[in-house]
Amino acid sequence: MRLSQTLLPTLKEDPVEAQVVSHKLMLRSGMIRQLGAGIYSWLPLGLRVLRKVENIVREEMDRAGAQEVLLPAVQPAELWQETGRWSKYGAELLRFKDRGDRDFCFGPTHEEVITDLVRHELRSYKQLPANFYQIQTKFRDEVRPRFGIMRGREFLMKDAYSFDLDQESLDNSYKQMFTAYQNIFKRCGLQFRAVEADSGAIGGSDSHEFHVLADSGEDAIASCDSCDYAANLEKAVAGGSPEAVPAGADMQKVATPEIKSIDDVAGFFNISADKTVKALLVQTDKGEFMLLLRGDHELNEIKAENYLDGDGFKLVEPGAVQKSTGVSVGSLGPVGATTPIIADNSLAGMSDFICGANEDGFHLTGVNWERDLPLPKFADLRNVQAGDLCSRCGAGTLRLDRGIEVGHVFKLGDKYSKAMQMTVLNQGGREQTPLMGCYGIGVSRIVAAAIEQNHDDSGIVWPIFLAPFHVEILLINPKEEAAAKLAEEIYEYLKARGIEALLDDRNERLGVKFKDADLIGAPLRVVIGGRGIKDGAVEVQSRHDGVAEKVAIDAVGDLLLKRAEDLLKGGV
RNA sequence: CGGGGUGUAGCGCAGUCUGGUAGCGCAUCGGUUUUGGGAACCGAGGGCCGGAGGUUCGAAUCCUCUCACCCCGACCA
């Protein structure tokens with residue numbers, strides 16, 4: 001590609017709206033431009049990278065035996081009503097009507113559509129297992145889109161859906177996808193980790209997320225320092241239930257005016273927060289519940305919601321707490337409470353703890369189970385913290401990292417196939433509901449994630465397989481005839497041998513070209529013209545380490561070819 | 001959804017408090033000189049000041065209503 005004929009609007013300065021480095025660099029390097037909140041146009045440079053990711057994903061999916069299809073982006077409401085998701089999916093689902101006043105949505109995911117297709121077309125167990133995938137634009141009307149392409153509303157996603165006759169076969173399909181995903185992220189040059197996950201709104205049982213490790217990641221992931229346990233924060237479980245310690249103090253009611261938060265309480269009694277117990281009032285369609293957590297722990301709403309198994313889970317507003325219990329939130333406590341109580345596992349061994357007295361302006365000290373209040377139900381309700389014991393091996397401790405979720409695999413079971421009455425005839429000639437799996441990859445998000453992991457102060461440092469170009473040919477001055485001719489020759493030479501080259505043949509000053517080349521981040525660069533050419537030499541430079549070397553003109557074509565091929569072989 | 005902020009030339013901003021008919025830097029176009037890390041000088045073009053309504057002799061500026069975008073929060077007892 002010739003830069004003189006390409007739309008590549010680079011920016012000297014960081015755009016004010018960009019918070020994270022990938023967003024800044026994608027704007028500065030002219031890869032994308034924003035059209036609306038969470039909606040972006042892809043310019044030629046960005047599109048090339050997007051296509052690279054897409055092709056890697058496509059190749060690995062094909063290799064894993066999946067078949068590519070393309071499903072409609074616009075979907076009729078009827079399908080979503082069949083599975084109940086039309087009412088359940090909420091405001092994230094972009095809905096609209098056609099001219100006949102019929103309801104439609106722009107697909108945020110495609111379980112319904114693929115199941116509908118397959119229930120009409122698959123009749124026999126002999127056609128299973130089957131796995132269909134597509135690479136397509138999705139729309140999710142996110143509460144708060146941010147970080148550019150990282151959390152956009154419109155984004156490019158690869159989604160795959162597997163159909164198997166029985167659990168064993170599903171397990172196998174799942175494993176195949178898991179392996180394919182590892183291959184994909186490796187080829188993209190990403191540092192990633194697969195973690196256990198909650199299956200969330202899409203539903204199902206087994207589930208893993210693939211996270212690219214980055215400080216700017218929106219998700220927290222926990223991993224054990226001594227075994228291979230890794231899970232996202234929603235799912236991670238801390239191990240080691242503490243031994244019960246016998247009571248040593250009497251229960252006392254203490255006046256605590258203006259003491260509301262756990263920090264206040266800990267400060268007032270001059271103790272650490274882990275000696276306190278906090279009470280939270282939540283509600284579901286099954287009524288109100290009081291949840292108890294150690295003062296220094298955080299509620300994990302997903303765990304609580306799963307445990308209570310009711311719809312409409314939410315924290316009761318402070319005002320409503322007052323109305324319901326007669327106590328303000330700051331003094332809420334379990335002793336004498338009339339709402340059903342569920343306590344986090346970590347409270348099982350606690351003794352002599354401090355909690356709200358269920359009376360405004362008072363707390364209780366020296367509280368003990370069974371003596372002062374009945375033993376409640378215990379459950380895992382909290383987020384793990386760094387340093388917690390590992391629940392898998394019991395020996396290691398957990399650490400927390402930030403991750404960008406780039407892939408997610410689920411075992412859906414028969415959730416959708418059953419709801420949509422998809423059956424095939426089994427070997428015995430009876431109708432049987434197949435089991436499904438679904439497998440997503442955020443294709444556009446990978447582009448951002450890759451930049452988060454591969455950049456320096458000057459710009460992007462692309463891993464070879466995602467690089468928009470393998471080589472940038474930097475022609476110092478197009479008016480310098482010998483140099484221009486040489487640049488053209490190298491350009492054609494590389495192109496003919498399958499090496500993607502960008503020729504900067506613009507009539508720009510040298511500094512501008514260098515800055516843009518750094519931003520764009522092609523792994524290899526050759527500088528042609530100026531003082532070098534008089535000595536019969538050009539300069540070959542690696543973006544990765546910045547090392548430059550003088551190369552004789554005759555040798556440069558082959559050297560670049562070799563360098564590029566080495567990189568492509570090594571996948572760096 | 002709640003709170004905060006910003007909309008003025010392609011981009012970044014000043015002007016708004018105190019109304020008088022729009023300016024700066026970068027970018028763009030023409031010219032001259034320059035040419036190994038974002039050049040210098042001379043000249044030029046480009047804006048119904050987010051939109052609608054109102055107040056006024058007069059509105060970017062004051063009032064009302066809207067739309068868009070950005071940030072923070074929605075993990076707290």
Side-chain angles (χ1 to χ4, degrees), chain A residues 7 9-20 23 27-28 30 33-39 90-91 141-148 220 233-234 256 259-266 273 276-282 290-304 314-322 325 327-334 337 354-358 360 363 381-383 385 458-459 474-480 483 506-519 525 527-535 537-539 541 546 548 550:
Chain A
L7 178 65
T10 56
L11 306 172
K12 279 187 193 175
E13 294 183 11
D14 284 338
V16 280
E17 71 271 20
Q19 305 294 305
V20 297
H23 191 195
L27 290 167
R28 286 192 55 203
R33 286 292 182 263
Q34 179 172 10
L35 180 64
I39 304 178
D141 201 351
E142 295 276 351
V143 179
R144 199 175 143 208
R146 64 186 117 181
F147 302 156
L233 191 64
E234 292 170 355
T256 50
I259 300 295
K260 303 242 180 268
S261 68
I262 287 295
D263 280 350
D264 293 345
V265 173
T276 68
V277 167
K278 60 184 174 188
L280 285 70
L281 204 63
V282 300
M290 181 182 286
L291 305 181
L292 298 183
L293 292 167
R294 214 171 76 185
D296 59 327
H297 286 161
E298 269 179 4
L299 174 66
N300 181 314
E301 295 197 20
I302 308 259
K303 289 177 179 177
K314 67 172 184 189
L315 219 55
V316 177
E317 300 290 321
V321 168
Q322 182 92 41
T325 64
V327 189
S328 69
V329 291
S331 296
L332 200 61
I354 296 177
C355 60
N358 262 340
D360 276 358
H363 277 75
L381 296 177
R382 71 176 179 99
N383 286 335
Q385 295 177 331
S458 311
L474 197 158
L475 174 58
I476 292 179
N477 184 356
K479 287 173 190 152
E480 214 182 329
R506 293 175 302 172
N507 205 356
E508 284 289 350
R509 297 179 68 81
L510 181 64
V512 173
K513 294 189 177 197
F514 270 122
K515 291 289 182 191
D516 281 349
D518 288 344
L519 255 187
R525 179 188 307 170
V527 182
I528 299 174
R531 67 192 178 208
I533 203 140
K534 295 185 186 87
D535 311 335
V538 298
E539 199 172 281
Q541 202 173 358
K550 277 201 159 187

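Values below: all heavy atoms of this structure, side chains included; hydrogens, waters and symmetry mates excluded. Residue numbering restarts at 1 for every chain, and letters A, B, ... go by the order of the sequence lines.
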* To do: Return the minimal non-hydrogen interatomic distance between A:V327 and A:L332, and the atom names on each side.
  => CG1-N, 4.0 Å
* Asked: Considering only the C1' atoms, how many Å lie between B:rU8 and B:rA59, rounded to the nearest integer?
  -> 14 Å
* Asked: Nearest-Å distance, CZ (A:R531) to C1' (B:rG36)?
  -> 5 Å
* Taking the P atom of each, how far is B:rC48 from B:rG23, in whole Å? -> 15 Å
* To do: Using a 4.0 Å heavy-atom cut-off across all strands, classify A:R33 as base, sugar-phosphate, or nothing.
  => nothing
* **Non-hydrogen side-chain atoms of A:L510 and A:L474 separated by less than 4.5 Å** => yes
* **Side chain of A:V16 (C-beta onward), nearest among B:rC13, B:rC75, B:rA74** => B:rC13
* **Rounded interatomic separation in angstrom, taking CG from A:D141 and C1' from B:rC1** => 13 Å
* Asked: Which one, B:rC69, B:rG36, B:rG38, comes nearest to the side chain of A:I476?
  -> B:rG36
* To do: Looking at every strand, decide which applies to A:G532 at a 4.0 Å heavy-atom threshold: base, sugar-phosphate, or nothing.
  => base
* **Between NZ on residue A:K513 and CG on residue A:N477, distance to nearest 0.5 Å** => 7.0 Å
* Determine whether any donor atom in the side chain of A:R146 lies under 3.5 Å from an acceptor atom in the base of B:rG73, or the reverse, and answer yes or no. => no
* Looking at A:R509, does any N or O in its side chain come under 4.0 Å of the phosphate oxygens OP1/OP2 on B:rU35? -> no
* Distance between C1' atoms of B:rG53 and B:rC67 (Å, rounded) -> 14 Å
* Asked: Reckon A:D518 touches a base, only the sugar-phosphate, or nothing at all at heavy-atom distances under 4.0 Å?
  -> base
* **B:rC1: pairing nucleotide in any strand, Watson-Crick or G-U under 3.5 angstrom** => B:rG73
* Asked: Between atom CD in A:E298 and atom C1' in B:rA74, what is the gap in whole Å?
  -> 14 Å
* Asked: Whole-Å distance between B:rC75 C1' and A:L293 CG?
  -> 11 Å
* Whole angstrom is fine here: how far is it from CZ in A:R294 over to P in B:rC75? => 21 Å
* To do: Ignoring the backbone of A:F514, work out which of B:rA27, B:rC71, B:rG37 is nearest its side chain.
  => B:rG37
* **Whole-angstrom distance between B:rU18 and B:rG50, as gauged at atom C1'** => 25 Å
* To do: Consider the side chain of A:E301, meaning its heavy atoms from C-beta on, and name the nucleotide among B:rG12, B:rC75, B:rG37 that approaches it most closely.
  => B:rC75
* Asked: Is there a Watson-Crick or G-U wobble partner for B:rA39 with both distances under 3.5 Å, and if so, which one is it?
  -> B:rU33
* Structure fact -> Here the gap from A:Q385 atom CD to A:L233 atom CG, rounded to the nearest 0.5 Å, amounts to 10.0 Å
* **Separation of the P atoms in B:rG43 and B:rC57, to the nearest angstrom** => 42 Å
* Would you mind reporting whether A:K278 and A:V265 have side-chain heavy atoms less than 4.5 Å apart? => no
* To do: Answer with yes or no whether A:E539 presents, from its side chain, a donor or acceptor under 3.5 Å of a partner atom in the base of B:rG36.
  => yes
* Compare the minimum distances between each of B:rA77, B:rG37, B:rC71 and the side chain of A:I262, then state the nucleotide with the smallest one. => B:rA77
* Pick the P atom in B:rU16 and in B:rC63, then give their distance to the nearest Å. => 14 Å
* Asked: Expressed in whole Å, how much space separates the C1' atoms belonging to B:rG15 and B:rG25?
  -> 15 Å
* Side chain proximity check, A:K303 to A:N383, heavy atoms < 4.5 angstrom -> no
* Across all strands, who's sitting opposite B:rG10 as a Watson-Crick or G-U wobble pair, both distances under 3.5 Å? -> B:rC26
* To do: Establish, with yes or no, whether the OP1 or OP2 oxygen of B:rA77 is under 4.0 angstrom from a side-chain nitrogen or oxygen of A:K278.
  => yes
* To do: With a 3.5 angstrom cut-off on both distances, give the Watson-Crick or G-U wobble partner of B:rU16, or none if there isn't one.
  => none
* C1' atom, B:rU21 versus B:rA60: distance in rounded Å? -> 10 Å
* Nearest-angstrom distance from the residue atom CD of A:Q34 to C1' of B:rC11 -> 14 Å
* Listed nucleotide nearest any side-chain atom of A:K12, set B:rG37, B:rA77, B:rG38 -> B:rG38
* **Spacing between A:N507 atom CG and B:rU35 atom P, to the nearest angstrom** => 14 Å
* 5'-most contact on RNA chain B: A:Q541 or A:V277, nearest heavy atom basis? -> A:Q541
* If you find the nucleotide of RNA chain B closest to A:Q19 and the one closest to A:K513, which residue's nucleotide is nearer the 5' end? -> A:K513
* Per A:V512 side chain, nearest of listed nucleotides B:rC75, B:rG37, B:rA39 -> B:rA39
* **Watson-Crick or G-U wobble partner of B:rC65, both distances under 3.5 Å** => B:rG51
* Asked: Nearest to the side chain of A:A37, which nucleotide is it out of B:rC70, B:rG12, B:rU35?
  -> B:rC70
* To do: Compare all side-chain heavy atoms of A:R506 with those of A:D516 and state whether any distance is below 4.5 angstrom.
  => yes
* **Sub-4.5 Å side-chain heavy-atom contact between A:Q34 and A:P15** => no
* Asked: Can you tell me how far P of B:rC11 sits from CD of A:E13, to the nearest Å?
  -> 14 Å
